[in-house]
Structure formats: C-alpha cells, structure tokens
There are 2 protein chains.
Amino acid sequence: MNRLPVAERREQLIEAALAVASRDGIDAATVRAVAAEAGVSLGVVHYCFQDKDELLRAMAHAITSANLERSLGELPEEAATTESVIESVIDALWAGIQDSRGPQLLSYELTTSSLRHPELNQVAIEQYRGQWAAAEQVLDLVERAAGVGWAVPRATLARTIVAVVDGFSLAWLVDGDSETARLGLQGFGRFLATIAVPAALAPDDELEPAPTTPA
Amino acid sequence: MNRLPVAERREQLIEAALAVASRDGIDAATVRAVAAEAGVSLGVVHYCFQDKDELLRAMAHAITSANLERSLGELPEEAATTESVIESVIDALWAGIQDSRGPQLLSYELTTSSLRHPELNQVAIEQYRGQWAAAEQVLDLVERAAGVGWAVPRATLARTIVAVVDGFSLAWLVDGDSETARLGLQGFGRFLATIAVPAALAPDDELEPAPTTPA
DNA sequence: GTCTATAGTTGGATAGAC
DNA sequence: GTCTATCCAACTATAGAC
C-alpha cells in the first residue's frame, strides 16, 4: 500500500517469508504467498529481490542471526554446582526450542534444501557455523559460572552439543514428546558434567586437532 | 515396454522413485521424473498408484524396511572389552552411513516433508519407530557380545543413540567432514561404555518410566 | 513504487486410442 | 496394460500502465 524505501520493504518481506515458511513449510513460501502475507502485490517482491532464491537466502540469514542473538539470552545463575548450572542452561535452551516448533522445523527444511540446491549452498554451512559458535559461547558461560574447564577441546564439545540438541529436537518434532526430549537432554547434561574438570587443571583450551576442511 | 503384473510394476516404480529422490532430492521426485527413470510413460504410474502421495508413501516404507534389515548386518566380534565392541559397532554403522549420502539426506527430507503434509503424516513416526527399534537391537547385540547391561532403561538409551547419530549425520551432510563425525560418535561411544554395567548386576531391563503418549 | 496483465514453465491427473 | 494427447492449476518472472 504505502510507499516505502526499498530497505524497509525488504525487511518487511523477509518477515513475511519467515512467517509463511514457519507456518506452512518452505515449499509454501512461494513468491506469491510471501507477497500476499506482506499485503503487497507480486511485482513488489521482484522489485525488492532479484529472484526467489535471493529472498530465501535473505530469510535464512535472518534466522541464523536471530538464533545467534537469542542463544545468548539464557544466562545461568552465578554460584552453583556444575550439574545445576548445566541443568538450568539446558532447561532454558529447551524451553526456547519448544516454544518455536515452526521455525525449528523450518530450519531443518532449510538445511536439506540448501544441500540439494547449489544456489543455496552457503545457507546450511552458515547455519551450522552459527550454531557451533553459539554452543561454544554457552560452554564459555558454563565454564565461568561453574568454574570449570573440559577434558576435550571446546570446539569438539560444541559440535557434539549441537549434534545432540539437533537429534533430540528432530525426534521431538516427530513424536511431540517434549518431556522425553528434555529428559534425554538432561541425561546428556549429566554426561557433560562428568567431563568437566576444575578450571585450575584445564588449559584455556586443548591443542587444536589438525585443522579440518576450512570450506 | 513389457507388460508386467501390477505388483512388479509397483516394485519397479518404487525403485525408480528411490533412485531419483536419492540423487536429486525429494522435490525432484515428480511423477514425470519417476516415470522417465523407470522407462515407462506417465500414465503407467497413475495406473499403479492412485496419486503421487501413495507413491511417496510406498517409497518411504521401502526405505524404512531396508534400514531395519541393514542395521542387523553389522555384528560385533564375540569376546572383547565393552569399549572395543562399541567401537567396532560404531565404525560399522558409520561406514554404512558414509556410503549412502543421497539416501541419508533423502531420509531427512522425508521426515520434514512428513511433518508438513498431513497425507504423509505416518511416514516420519514410522521411520523413527524403526530406528528406535533398530537401536535397541544393536544395544542387545552389544549386551550379549560384551556381557553387560545398562544403567538406564534400554529404550531411553536407544532414543539417545538415534538422536546422537542423527545429529552427527546431519552435521556431516553439511560440512562433509566424515572423520570429525566418526570421532564425535566414538566419543559418544566411550560415554556409552561408562554407563555399561556387568550383566549380573543389571536387570533384563529397568522398570519402564510412566508410559508416554502411545501415539 | 506499485499495480495489472501476461508470457512461459512445470507438474498432477485424466481420457481415450491402441 | 501401455501409450499419446490434453486439461488444469500453480508458479516464476517480466512488461508496461498508472
């Protein structure tokens, strides 16, 4: 309706794309559907984005950024046992996931789409780089709150955490059983606690293993 | 070309669908593409299957069945330490995954598709029920080969295993780093070894927790 | 900047000849 | 049983009026 600067229009359209895709799936996020959701006409979308892929890439980037910021929201209490710090971090993390079924599912759809379509190639790896980085920051938080380090390199641990959270999230999306998922994650949390070592005994980080594909 | 009984035609078309979808993604598995892959004409597919969804459901079912049978292929050596039994099972499992990138990715695509489209609703839960059952059988194998039980209910452990394998597989699909994934899984395997207890001390299975949604 | 109109594809599904 | 021909719907993308 109103005339808006292109930049704001883009924001609005990305929001709309996110809404449609979260609600109805990535395949439903057609240019038409996004235009309708935003209340603009078809041509407007093509005026703001070169093509559909550019719109989807922008949407994916918005998700990744949002995830990164959100992951820093949950901070654990100060002094406590390692177990209880981990436990509260996991509960907060899980609550966040549980509250966003649509976006969560969308993020898996984006991953698989990215792996099939060359024009979205960067999307998946960016997602994961973001998640791995976020997991490291969470580890950092736990380290300081509980005064511990880890028996394995932090980067390795971060990848494992992302893998475990991904796996339980997927299963939860399928069977809808949040309590089982939460308990499973807590079980993993207790494992984390077992490999925590007093900060004094742990180096800032272990020696990095041989660098893998820089991609 | 040849005139075949409907049942055989269906088998052939399911094979073709699997080939196309594994190679080019689930979205590429159109009725037309499947017909072309199988070397038959469009009408034939609609003669054998009521519609596209029925074909996809049949394909998904074929995958699940194949996975179940395959998972029993890898048997561990007889006498050995718990660690080494677990290690060899994981290596065999991972080798199988690594050799089937396309089908692996397809299985995630099927899961997300199933969660979005009501007509495929049963697909995802069947997949997971199959995987959970397979994981329990693998646990069973390890129990007998290493003469151990577990400190947590076998069903819970099975879900965790599936979640961890899923998570590492997804990350591998994204970054292509099989060695890191394998090492991550082995790390999880060492955790499994830590919660193994001598068979004499473990009941056949722990008391089941309160039954969750039977679904 | 925004709209309508339309070109050009692709894919699901069916009809009817053989 | 199998094929060709065809219909219809939905989508991307662009052109051109306002």
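Below, chains carry the letters A, B, ... as their sequence lines are ordered, and counting in each starts from 1.
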Taking DNA chain D as the partner, which of [range] come within under 4.0 angstrom of it by heavy atom?
| range | value |
| --- | --- |
| residues 106-115 of chain A | none |
| residues 12-28 of chain B | none |
| residues 46-56 of chain A | A:His46, A:Asp51, A:Lys52 |

*Between C:dG1, D:dT6, C:dT2, which nucleotide has the shortest distance from any of its atoms to the side chain of B:Arg32?*
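The listed nucleotide nearest to B:Arg32's side chain is D:dT6.
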*Kindly point out which of C:dC3, D:dT2, C:dG1 is positioned nearest to the side chain of A:Val40?*
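It is C:dC3.
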*Give B:Ser41 one of three labels, base, sugar-phosphate or nothing, depending on what nucleic acid heavy atoms sit under 4.0 Å from its own.*
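Base, at least one base heavy atom under 4.0 Å.
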*Heavy atoms under 4.0 Å, any strand shown: does A:Leu42 hit a base, just sugar-phosphate, or nothing?*
base
*Partners passing side-chain contact (heavy atoms from CB on, under 4.5 Å) against B:Leu105 (at least two apart in sequence or in another chain)*: A:Thr112, A:Leu115, A:Arg116, B:Glu109, B:Leu173
Check [Y] with [X], please: is the shortest side-chain N to carboxylate O separation under 4.0 Å?
| X | Y | answer |
| --- | --- | --- |
| B:Arg182 | B:Asp177 | no |
| B:Asp140 | B:Arg154 | yes |
| B:Glu136 | B:Arg159 | no |

_Selection residues 26-53 of chain B - residue pairs positive for side-chain hydrogen bond (donor to acceptor under 3.5 Å, both in side chains), sequence neighbours left out_ = B:Arg23-B:Glu37
*Please state how far atom CZ in B:Arg9 lies from atom P in D:dG1, giving the value in whole angstrom units.*
10 Å
*asked:* Whole angstroms only, please: what is the CZ-P distance between B:Arg3 and D:dG1?
replied: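 Rounded to the whole Å, the gap is 8 Å.
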*When you measure from the side chain of B:Arg190 to the backbone N and O of B:Glu83, does any donor-acceptor pair fall under 3.5 Å?*
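Such a contact is absent between B:Arg190 side chain and B:Glu83 backbone.
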*Using modelled atom types only, decide if a donor and an acceptor are shared between the side chain of B:Ser107 and the backbone of B:Pro103 within a distance under 3.5 Å.*
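Between the backbone of B:Pro103 and the side chain of B:Ser107 there is no qualifying donor-acceptor contact (under 3.5 Å).
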_Once you measure the plane-to-plane angle for B:Phe191 and A:Phe191, does it fall in the parallel (<30°), tilted (30-60°) or perpendicular (>60°) bin?_
tilted
*asked:* Taking CD in B:Glu15 as the centre, count heavy atoms belonging to other residues, nucleotides or ligands within less than 6.0 Å. Is the count above 12?
replied: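 No, because the 6.0 Å sphere around CD of B:Glu15 holds 12 heavy atoms or fewer from other groups.
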_Ring centroids only, cut at 6.0 angstrom: are B:Tyr128 and B:Trp132 within range, meaning strictly under it?_
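Yes, the ring centres sit under 6.0 Å apart.
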*asked:* Quick test of your reading: applying salt bridge (Lys or Arg N to Asp or Glu O under 4.0 Å), list the pairs with at least one residue in residues 160-169 of chain A, sequence neighbours left out, ordered by first then second residue.
replied: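 Sorted result for residues 160-169 of chain A: empty, none.
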